[in-house]
Amino acid sequence: MMKPSQTVRLSKEEVQRLVLQFQETESESAQEALVENYTALVGSIVRKYSKGRDLHEDIMQVGLIGLLSTIRRFDPSAGTPFEAYLIPNVIGEIKRFLRDKTWDVHVPRRVKDLWPKLNTAVDELTYRLERSPKIHEIAEYLEISEEEVLETMEMGKSYQTASVDQSIETGPDGSTITTLDVMGSEDAGFEKVDQKLFLESALHVLDEREKQIIQALFIDCKSQKEIGESLGISQMHVSRLQRKALVKLRKVLARKVHQESSS
């Protein structure tokens, strides 16, 4: 005998029947049955995207909105399982929500939509051309104007930086720390000494050009423009190499912190 707390999973045929019933009659009972049946699935998707964030409840609401939207638009006659249509719809709703929530200032929707495409274009063109692409090349690749490229690049600076509560995996056992854990307290004198010593001890993971850029940025306090001019590369290329180098250095830092905490 089934316990009262157990939930009965609907069969494929029952799901299709309830979807049709709701679409034809706006039956609340049919909708409630479908929502109850798929809330756990939506929750598992939400947990993946809400990890390390303070927006779990908001993202869950967005996921349920995606579920309700799927119930309205799903075509049972197409022969596709409901779950196969539900999952990408829920993920799409969540990604749109997170995209809109991760900008520090209000920017036009067209910029939010274009920003990830622009980054992908820069990566693709850099690989293809073996150098940083020029503005007109990015514009041609995306089939937009140079003004739109420049506007998106400028407004892209408003994109929110990572949270200090974001988890960083530090070992094969799945142990994690947060960015806040590896941030020391402010000290005008010792902080600079510590940064210099850390950079010098970790520079071995960088190639020669990355070393030059990090040295110039954080030890010689030069701007990206000055570095680009001295190395004969564009400021955009300097920025890309800087990001790549910092990723390597952060991994070294995370390993060191983990080693110290384990000893």
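The first residue of the sequence shown is numbered 1, and numbering continues consecutively from there. The figures here come from the full heavy-atom set of this structure, side chains too, leaving out hydrogens, waters and symmetry mates. Just so we're clear, the structure is a prediction, and the values are computed from it rather than from any experiment.
- A heavy-atom distance below 4.5 Å is not found between the side chains of I227 and Q242.
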Please tabulate, one pair per line, all N/O donor-acceptor pairs under 3.5 Å involving side-chain atoms of residues 134-141, not counting sequence neighbours.
{"unit_1": "E137", "atom_1": "OE1", "unit_2": "R131", "atom_2": "NH1", "d": "3.1"}
{"unit_1": "E137", "atom_1": "OE1", "unit_2": "K134", "atom_2": "N", "d": "2.8"}
{"unit_1": "E137", "atom_1": "OE2", "unit_2": "R131", "atom_2": "NH2", "d": "2.7"}

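- Of all the heavy atoms in R72 and Q23, the pair that sits closest is O-NE2, 3.2 Å.
- Note that CG of L231 is 10.5 Å distant from CD of E229, once rounded to the nearest 0.5 Å.
- Once rounded to the nearest 0.5 Å, the distance linking CZ of R73 with CG of N89 reads 4.5 Å.
- Nearest approach of S77 to D75, heavy atoms of both residues: OG-OD1, 2.6 Å.
- There is a path of hydrophobic side-chain contacts, each under 4.5 Å, that joins L129 to V149.
- Summarising the geometry of L142 relative to L118, their closest heavy-atom pair is CD1-CA, 3.9 Å, with the distance given to 0.1 Å.
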Practice problem: I would like to know whether L241 and I233 meet side-chain contact (heavy atoms from CB on, under 4.5 Å); could you show each step before the answer? | Solution: CA-CA 11 Å; L241 291 174; I233 59 178; 4.1 Å; yes
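- Geometrically, R9 engages Y38 in a cation-pi contact, judged by NZ or CZ lying under 6.0 Å from the ring centre and within 45° of the ring axis.
- Side-chain polar atoms of S27 and S29 form a donor-acceptor pair below 3.5 angstrom.
- Under the 4.5 Å side-chain criterion, counting only non-hydrogen atoms from C-beta, I91 is in contact with I87.
- Residues V62 and L64 share a hydrophobic cluster, clusters being chains of Ile/Leu/Val/Met/Phe/Trp/Tyr side chains in contact below 4.5 Å.
- Here the closest heavy-atom approach between residue M236 and residue V122 is recorded as SD-CG1, 4.2 Å.
- A salt bridge is absent between E210 and R243; no separation between the charged side-chain nitrogens and carboxylate oxygens falls under 4.0 Å.
- Separating the CD atom in E148 from the CD1 atom in I144 is a distance of 5.0 Å, to the nearest 0.5 Å.
- By the neighbour-count criterion of 12 heavy atoms within 6.0 Å, atom CD of E28 is sparsely surrounded, having that number or fewer from other residues, nucleotides or ligands.
- The nearest pair of heavy atoms linking L10 to E14 is CA-OE1, 3.4 Å.
- One N or O on the side chain of T70 and one on the backbone of G66 form a donor-acceptor pair closer than 3.5 Å.
- Separation of atoms CD1 (I45) and CD (E93) is listed at 12.0 Å; rounding is to 0.5 Å.
- In this structure, OG1 in T80 is found 13.0 Å from CG in L86, a value given to the nearest 0.5 Å.
- Taking every heavy atom of both residues into account, V42 and G63 meet most closely at CG1-C, 3.6 Å.
- Applying the ring-ring contact (aromatic ring centres under 6.0 Å, His included) test to F74 and every residue at least two apart in sequence or in another chain returns F82, Y85.
- Q16 has its side chain within reach of K12: a pair of non-hydrogen atoms, C-beta onward, lies under 4.5 Å apart.
- Residue T25 holds its OG1 atom at 10.5 Å from CD of Q31, rounded to the nearest 0.5 Å.
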